[in-house]
Novice: 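I am attaching a structure below and will ask some questions about it afterwards.
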Amino acid sequence: MPTKIEKDAVTGTNTTGHEWDGIKELNTPLPKWWLYTMYATIVWGIIWMALYPSVPLGTTYFKGFLGYSERQEIETKLKSVADARAPMLAKLAETPIEEVQKNPDLATFALTGGRAVFADNCAPCHGAGGSGRPGGFPVLADDDWLWGGTREAIQLTIQHGIRNGGAEARDSAMPRYGADGLLTPAQIGDVADYVIALGTPAGTALSPAAKRGAEIFGEQCVACHGAKAEGLKEFGSPRLSDAIWLYGGDRAALIQQISAPRQGVMPAWSTRLSEAQIKMLTLYVHALGGGQ
């Protein structure tokens, strides 16, 4: 409640006349410098709002007297960068991929661009630097390739993808030996034992189960995986005699894969990336360390 203005007995400062529950407010104005600073910021804010885009107006906004647009500025900068890169991109697009390495400047440009394209489009599945991810996303930095690791093979895989339904996509399918009743659970277990034995040192004696699995492997699997389980790139079938696995190499994982195989899908990037970008990506993946 407002009361009369009086001098505070303790501080000697006049009160404002306001009192709440017996507590009186002292009249202590803000310093002049603080007030002037606040007034200056208010004026500055009004000027800024007048000059630059600021106030929403329904479906549009007040664009400011200067007509400045940050979006337009960014678009201008992007166009400037694109114009600067255009000659190298055009040269890369017209240069056969095997010839790019003969031009050091073009090769450096391609690898640098490929790193950026990979980070934007491929790293979510294949990991940074092609390290791979669990669940069927292969490592791209080793020397194990399902469809071939030459520049031409990598370029074809990137262009058309794998098992995506496209007419030119790389495609192959592993039979569902368990789900479709092609082999009994006991037979599948024997094949798994044999595949595990493929990775043991040469001369190691096969167990009875692995011997039975070897016979079944010869009847059912050699056509795609090869007589020595070396894998056949024309089918995209993996080598089984190394220690590189997409879905796990223990007995349980192998039984699952033989019974009801998981088979990955990769999109076709020819509809998403330019020819030059695909070449840059191809050269970058090939240079990760496992290119053939």
Side-chain angles (χ1 to χ4, degrees), residues 78 81-164 166 168-172 230-247 249 263-292:
L78 290 175
V81 172
D83 291 343
R85 295 173 58 197
M88 290 294 281
L89 287 172
K91 189 172 184 178
L92 180 61
E94 67 186 18
T95 302
I97 197 164
E98 289 295 341
E99 300 294 319
V100 174
Q101 298 299 111
K102 297 179 181 180
N103 185 328
D105 291 338
L106 190 60
T108 300
F109 175 80
L111 289 175
T112 302
R115 183 183 297 109
V117 175
F118 187 93
D120 289 342
N121 298 280
C122 314
C125 288
H126 290 286
S131 58
R133 292 189 186 279
F137 303 106
V139 175
L140 302 179
D142 58 16
D143 61 353
D144 193 72
W145 297 91
L146 292 178
W147 299 94
T150 63
R151 293 181 182 89
E152 293 87 346
I154 295 172
Q155 184 178 23
L156 187 63
T157 299
I158 294 172
Q159 285 176 325
H160 303 299
I162 299 170
R163 301 187 193 93
N164 54 42
E168 298 184 74
R170 295 192 183 277
D171 202 356
S172 65
E230 70 276 15
L232 300 177
K233 291 180 175 56
E234 58 267 33
F235 300 126
S237 57
R239 186 170 65 179
L240 303 178
S241 55
D242 56 17
I244 300 174
W245 302 97
L246 272 179
Y247 300 103
Q263 302 183 91
V265 175
M266 175 179 167
W269 291 100
S270 58
T271 59
R272 311 181 188 203
L273 300 176
S274 68
E275 181 180 356
Q277 286 177 312
I278 289 177
K279 282 187 178 179
M280 290 191 292
L281 188 55
T282 298
L283 292 168
Y284 174 72
V285 171
H286 185 268
L288 285 176
Q292 297 171 344

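Residue numbers count from 1 along this sequence. Both backbone and side-chain heavy atoms feed into the values below; hydrogens, waters and symmetry mates do not.
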Novice: Less than 4.5 Å apart, any side-chain heavy atom of D144 and any of V139?
Specialist: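 Contact flag for D144/V139 side chains = no.
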Novice: Distance-only, no hydrogens or angles: does the T95 side chain make a donor-acceptor pair with backbone N or O of V100 under 3.5 Å?
Specialist: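 Absent.
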Novice: Quick one, S237 with L146, criterion side chain to side chain contact (heavy atoms under 4.5 Å, CB included). Give me CA distance, side-chain angles, the key distance, then yes/no.
Specialist: CA-CA 6 Å; S237 57; L146 292 178; over 6 Å; no
Novice: Per the salt bridge (Lys or Arg N to Asp or Glu O under 4.0 Å) rule, what does the pair list look like for residues 102-124, sequence neighbours excluded?
Specialist: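 Of all non-adjacent pairs touching residues 102-124, those that pass salt bridge (Lys or Arg N to Asp or Glu O under 4.0 Å) are E99-K102.
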Novice: With a 4.5 Å limit on heavy-atom distance, are the side chains of L92 and M280 in contact?
Specialist: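 When only atoms from C-beta onward are counted, M280 and L92 do touch, with a gap below 4.5 Å.
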Novice: For the backbone of M266 and the side chain of N164, can you confirm whether one donor and one acceptor N or O come within less than 3.5 Å of each other?
Specialist: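 Yes; at least one donor-acceptor contact below 3.5 Å.
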Novice: Scan residues 128-149 for pairs that pass ring pair (Phe, Tyr, Trp, His ring centres under 6.0 Å), counting only residues two or more places apart or in two chains.
Specialist: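 As it turns out, there is no ring pair (Phe, Tyr, Trp, His ring centres under 6.0 Å) pair with a partner in residues 128-149 once direct neighbours are skipped.
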Novice: Just by modelled atom types, is the P138 backbone N or O under 3.5 Å from a matching donor or acceptor in the D142 side chain?
Specialist: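 Between the backbone of P138 and the side chain of D142 there is no qualifying donor-acceptor contact (under 3.5 Å).
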Novice: Indicate the atoms forming the closest heavy-atom contact of A141 with L288, along with that distance.
Specialist: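 Minimum heavy-atom separation between A141 and L288: CB-O, 4.0 Å.
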Novice: If I compare all heavy atoms of G149 with all of A153, which pair ends up nearest, and what's the gap?
Specialist: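 Closest approach of G149 to A153, heavy atoms only: N-CB, 4.3 Å.
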Novice: Any chance CZ of R133 has more than 12 other-residue heavy atoms, nucleotides or ligands included, within less than 6.0 Å?
Specialist: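 It does: R133 CZ has more than 12 such atoms within range.
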Novice: How many angstroms lie between CD in Q263 and OG in S172, if you round to the nearest 0.5 Å?
Specialist: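 Q263 atom CD to S172 atom OG measures 6.0 Å (nearest 0.5 Å).
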Novice: Working to the nearest 0.5 Å, report the span between NZ of K279 and CD of E94.
Specialist: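 So the NZ of K279 and the CD of E94 are separated by 8.5 Å.
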Novice: Please assess I154 against T150 for the test side chain to side chain contact (heavy atoms under 4.5 Å, CB included), listing each intermediate value before the final yes or no.
Specialist: CA-CA 6 Å; I154 295 172; T150 63; over 6 Å; no
Novice: So, does R170 use its side chain to make a donor-acceptor pair with the main chain of G236 at under 3.5 Å?
Specialist: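 Not at all, since once roles are kept as given, no pair shorter than 3.5 Å links the two residues.
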Novice: Can you tell me how far the CG atom of L273 sits from the CD1 atom of I158, to the nearest 0.5 Å?
Specialist: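 Spacing of CG (L273) from CD1 (I158) equals 8.5 Å.
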Novice: Can you tell me if E168 has over 12 outside heavy atoms packed within less than 6.0 Å of its CD?
Specialist: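 Check fails, neighbour count at 12 or below.
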Novice: Taking all heavy atoms of R163 and all of A169, pick out the closest pair and write down the distance.
Specialist: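 That would be N-CB, 4.2 Å.
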Novice: Test Q155 against every option in V285, I278, L283 by the side-chain contact (heavy atoms from CB on, under 4.5 Å) rule and name the one that passes.
Specialist: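 One option only clears the test, and that one is I278.
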Novice: Less than 4.5 Å apart, side chain to side chain, heavy atoms only: is that true for N121 and W269?
Specialist: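 Touching, per the 4.5 Å side-chain cut-off.
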Novice: Would you say the side chain of I162 lies within less than 4.5 Å of the side chain of T157, judging by non-hydrogen atoms?
Specialist: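 Touching, per the 4.5 Å side-chain cut-off.
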Novice: Between D171 and F235, is a side chain to side chain contact (heavy atoms under 4.5 Å, CB included) present by the stated rule, with each step listed?
Specialist: CA-CA 8 Å; D171 202 356; F235 300 126; over 6 Å; no
Novice: Checking the side chain of Q277 only, and the main-chain atoms of S274 only, is there a donor and an acceptor separated by less than 3.5 Å?
Specialist: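 Yes; judged by distance alone, with no hydrogens or angles, the pair exists.
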Novice: Quick check: do K91 and N103 have side-chain heavy atoms less than 4.5 Å from each other?
Specialist: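 They are in contact (side-chain heavy atoms under 4.5 Å apart), so the answer is yes.
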Novice: Please list, chain by chain and in numerical order, all residues satisfying side-chain hydrogen bond (donor to acceptor under 3.5 Å, both in side chains) with D242, sequence neighbours excluded.
Specialist: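 D242: side-chain hydrogen bond (donor to acceptor under 3.5 Å, both in side chains) contacts with R239.
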Novice: Quick one: CD on E275 to CD1 on I97, what's the gap to the nearest 0.5 Å?
Specialist: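 Interatomic distance, E275 CD to I97 CD1, rounded to 0.5 Å: 9.5 Å.
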Novice: For side chain to side chain contact (heavy atoms under 4.5 Å, CB included), just list the numbers for E98 and R151, CA-CA rounded to whole Å, side-chain angles, deciding distance to a tenth of an Å, and then say yes or no.
Specialist: CA-CA 7 Å; E98 289 295 341; R151 293 181 182 89; 3.3 Å; yes
Novice: List the atom of F118, the atom of H126, and the distance in Å for their closest heavy-atom pair.
Specialist: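 Looking at all heavy atoms of both residues, the shortest contact is CZ-CB, 4.0 Å.
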Novice: Check whether any side-chain heavy atom of L281 lies under 4.5 Å from a side-chain heavy atom of C122, and answer yes or no.
Specialist: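 When only atoms from C-beta onward are counted, C122 and L281 do touch, with a gap below 4.5 Å.
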Novice: Heavy atoms only: give me the nearest H160-A268 pair and the separation to one decimal.
Specialist: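 Closest approach of H160 to A268, heavy atoms only: O-CB, 3.4 Å.
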